[in-house]
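What follows is a single structure, written as structure tokens, with notes after it.
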Amino acid sequence: MSTAVALSSSLKHNLALGIRFPQNPSFYRRNGPKVSTFRTFTVAMAAINTTPLEICVKASVSTPNKLGDCPFCQRVLLTMEEKHLPYEMKLVDLSNKPEWFLQISPEGKVPVVKFDEKWVPDSDVIAQSLEEKYPNPPLVTPQEKALVYVLVIILMFINCF
């Protein structure tokens, strides 16, 4: 079953549903012009699955029941948070891997996410799968921006010589 969920991760302090606020500061001056421009508020909506995704991540070595220091697990969790996806996190002690985890991930690597009754390892593959299944909000760099960035780096490198 799907439901509509708002995907706005941050709301400006001066925006609210159904209220329009002036952008032009001269609007507030007594002798300023009476005409002003307005900023409008929009909410992006997307249909997502209400059942949480299952994810196995590294548990902290020093603190029980806390997320460990694995950047790959953190990357996948941040992607899920930014996309406002519900998930159920299972902490795995990698120094003493439980049998149920080795059945899910025979290599014993984390993170592992369950997509459509199949466990998927590797943070790159997981992030790509999340982007394909849940495209809003987009978290990948658009191709044209990536090209401009590469060109700037090349020009900076050429100017060094």
Side-chain angles (χ1 to χ4, degrees), residues 4-16 20-27 36-49 52-63 65-97 101-102 104-161:
V5 176
L7 294 179
S8 176
S9 61
S10 64
L11 295 174
K12 302 269 186 219
H13 69 281
N14 62 343
L15 294 178
R20 296 174 9 153
F21 292 91
Q23 283 181 302
N24 188 350
S26 64
F27 177 81
S36 68
T37 59
F38 286 93
R39 185 179 310 164
T40 58
F41 177 73
T42 58
V43 176
M45 303 294 278
I48 62 171
N49 194 352
L53 295 170
E54 293 180 57
I55 179 169
C56 296
V57 295
K58 179 182 178 184
S60 173
V61 177
S62 59
T63 310
N65 300 322
K66 294 285 184 179
L67 179 63
D69 59 354
C70 176
F72 306 108
C73 295
Q74 293 170 359
R75 174 187 181 200
V76 172
L77 289 172
L78 284 171
T79 301
M80 290 177 160
E81 285 290 328
E82 284 298 313
K83 290 186 169 290
H84 300 279
L85 298 173
Y87 59 89
E88 181 184 327
M89 183 171 57
K90 297 180 182 183
L91 298 173
V92 179
D93 180 6
L94 296 182
S95 61
N96 186 19
K97 298 173 186 161
F101 175 68
L102 292 174
I104 291 171
S105 176
E107 296 176 350
K109 294 183 178 180
V110 289
V112 184
V113 175
K114 190 175 186 180
F115 287 117
D116 302 323
E117 302 303 316
K118 180 182 175 192
W119 288 95
V120 178
D122 192 336
S123 62
D124 287 335
V125 175
I126 294 168
Q128 182 64 35
S129 299
L130 289 171
E131 193 64 36
E132 289 171 1
K133 286 186 83 153
Y134 309 102
N136 290 322
L139 300 179
V140 295
T141 304
Q143 190 68 26
E144 58 274 2
K145 286 186 179 179
L147 179 60
V148 168
Y149 178 75
V150 169
L151 291 174
V152 167
I153 297 297
I154 290 171
L155 289 174
M156 287 173 52
F157 181 74
I158 291 171
N159 289 333
C160 290
F161 294 105

> What is the minimum heavy-atom distance between Leu53 and Lys114, and which atoms define it?
Replying inline: CD2-O, 3.8 Å

> Which heavy atom in Pro71 sits nearest to a heavy atom in Asp69, and how many Å separate them?
Replying inline: CD-O, 3.3 Å

Taking only residues two or more places apart in sequence or in another chain, which ones pass side chain to side chain contact (heavy atoms under 4.5 Å, CB included) with [X]?
| X | value |
| --- | --- |
| Ser95 | Asp93 |
| Val57 | Ile55, Leu67, Cys73, Leu77, Met89, Leu91 |
| Lys90 | Glu54, Cys56, Glu88, Trp100 |

> Can you find a pair of side-chain heavy atoms, one from Asp122 and one from Val120, that are under 4.5 Å apart?
Replying inline: no

> Does some side-chain heavy atom of Leu85 sit less than 4.5 Å from a side-chain heavy atom of Lys133?
Replying inline: no

>> With a sphere of 6.0 Å drawn around CD of Glu132, does it hold more than 12 non-hydrogen atoms of other residues, nucleotides or ligands?
In response: yes

> Would a distance-only check, ignoring hydrogens and angles, find a side-chain to backbone donor-acceptor pair under 3.5 Å from Ser105 to Phe101?
Replying inline: no

[atom1]-[atom2] distance between [X] and [Y], expressed to the nearest 0.5 angstrom:
| X | Y | atom1 | atom2 | value |
| --- | --- | --- | --- | --- |
| Leu130 | Phe115 | CG | CZ | 4.0 Å |
| Lys109 | Lys58 | NZ | NZ | 14.0 Å |
| Lys83 | Tyr134 | NZ | OH | 10.0 Å |
| Gln74 | Thr79 | CD | OG1 | 11.5 Å |

> Are Arg75 and Asp124 close enough for a salt bridge, meaning some N to O gap below 4.0 Å?
Replying inline: yes

